[in-house]
Amino acid sequence: AQSVTQLGSHVSVSEGALVLLRCNYSSSVPPYLFWYVQYPNQGLQLLLKYTSAATLVKGINGFEAEFKKSETSFHLTKPSAHMSDAAEYFCAVSDLPGGGGNKLTFGTGTQLKVEL
Amino acid sequence: DGGITQSPKYLFRKEGQNVTLSCEQNLNHDAMYWYRQDPGQGLRLIYYSQIVNDFQKGDIAEGYSVSREKKESFPLTVTSAQKNPTAFYLCASSLIAGVSGELFFGEGSRLTVL
């Protein structure tokens with residue numbers, strides 16, 4: 001069974017500073033990996049996804065993530081934080097392509113706070 | 001515009017009452033899912049369905065029931081057997097397996113049991 005671990009339930013950065021949100025995965029098959037963002041009382045919006053093509057994936061709002069098989073990691077980064085980035089971020093792994101469906105298993109989330 | 005509509009957005013119920021949350025999608029997606037979100041626990045899968053008239057239990061199905069009579073609809077009933085029903089419930093949909101696996105989410109329904 002696949003799983004993800006997000007290190008740090010709360011991360012605080014200054015506006016303009018680097019954002020780094022950590023995600024490590026466990027999967028018995030080559031994984032599909034996702035980062036989603038959630039604003040208060042809203043659903044989840046896809047930021048980016050890795051589906052075994054390029055290991056460096058660019059997403060929306062200036063975010064990117066790098067798939068590192070040797071480290072079983074898929075950390076999310078953004079060079080310069082903006083106040084509008086304050087939200088909760090979820091890493092997720094899919095049981096595709098090896099499984100019988102595309103159920104996503106989510107991490108416990110990281111709340112990002114951006115300070116002036 | 002295509003998307004997923006969940007209703008109601010907020011719902012209050014007394015303990016012991018069954019509650020049904022609605023989820024409708026017009027994306028022509030085959031698969032639909034229900035997740036439960038609690039603070040600090042991420043999202044946990046309740047039920048999912050990959051085709052009409054068929055559905056499977058997820059990781060925390062006890063105390064919940066679903067139906068899939070139409071492709072676009074996947075209602076969730078929170079029964080009185082669910083010991084701790086207060087939570088944020090998210091419905092999602094996707095194309096069937098074999099594609100990228102991305103889920104599209106609704107805006108959620110927040111259930112509070114008094």
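Quick caveat: nothing in here was measured; it's all calculated off a predicted structure. Letters go in sequence order (proteins before strands), and every chain restarts at 1.
Each of B:Tyr47 and B:Tyr35 belongs to its own hydrophobic cluster when Ile, Leu, Val, Met, Phe, Trp and Tyr are linked at side-chain heavy-atom distances under 4.5 angstrom.
The contact between B:Glu107 and chain A is made by backbone and side chain atoms together, counting heavy-atom distances below 4.5 Å. Neither the backbone nor the side chain of A:Gln6 comes within less than 4.5 Å of any heavy atom of chain B. Heavy atoms closer than 4.5 Å to chain A are found nowhere in B:Gln56, neither backbone nor side chain. For A:Gln45, no part lies under 4.5 angstrom from a heavy atom of chain B. Only the side chain of A:Leu46 comes within less than 4.5 Å of a heavy atom of chain B; its backbone N, CA, C and O stay farther away. Only the side chain of B:Leu45 comes within contact range of chain A, with heavy atoms under 4.5 Å apart.
Chain A forms the most heavy-atom pairs under 4.5 Å with one residue out of B:Gly108, B:Gly40, B:Pro39, and that residue is B:Gly40.
Screening B:Tyr48, B:Phe105, B:Phe104, B:Phe74 for a ring-ring contact (aromatic ring centres under 6.0 Å, His included) involving B:His29 leaves a single residue, B:Phe104.
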Item checked: CA sep, side-chain torsions, deciding dist, call: A:Asn41, B:Lys9, side chain to side chain donor-acceptor pair (under 3.5 Å) -> CA-CA 9 Å; A:Asn41 291 311; B:Lys9 189 165 180 65; over 6 Å; no
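Using a distance-only test at 3.5 Å, with no hydrogens or angles considered, a donor-acceptor pair links the side chain of A:Asp85 to the main chain of A:His82.
The two residues A:Pro31 and A:Tyr25 come nearest to each other via the heavy atoms CG-CE1, 3.6 Å.
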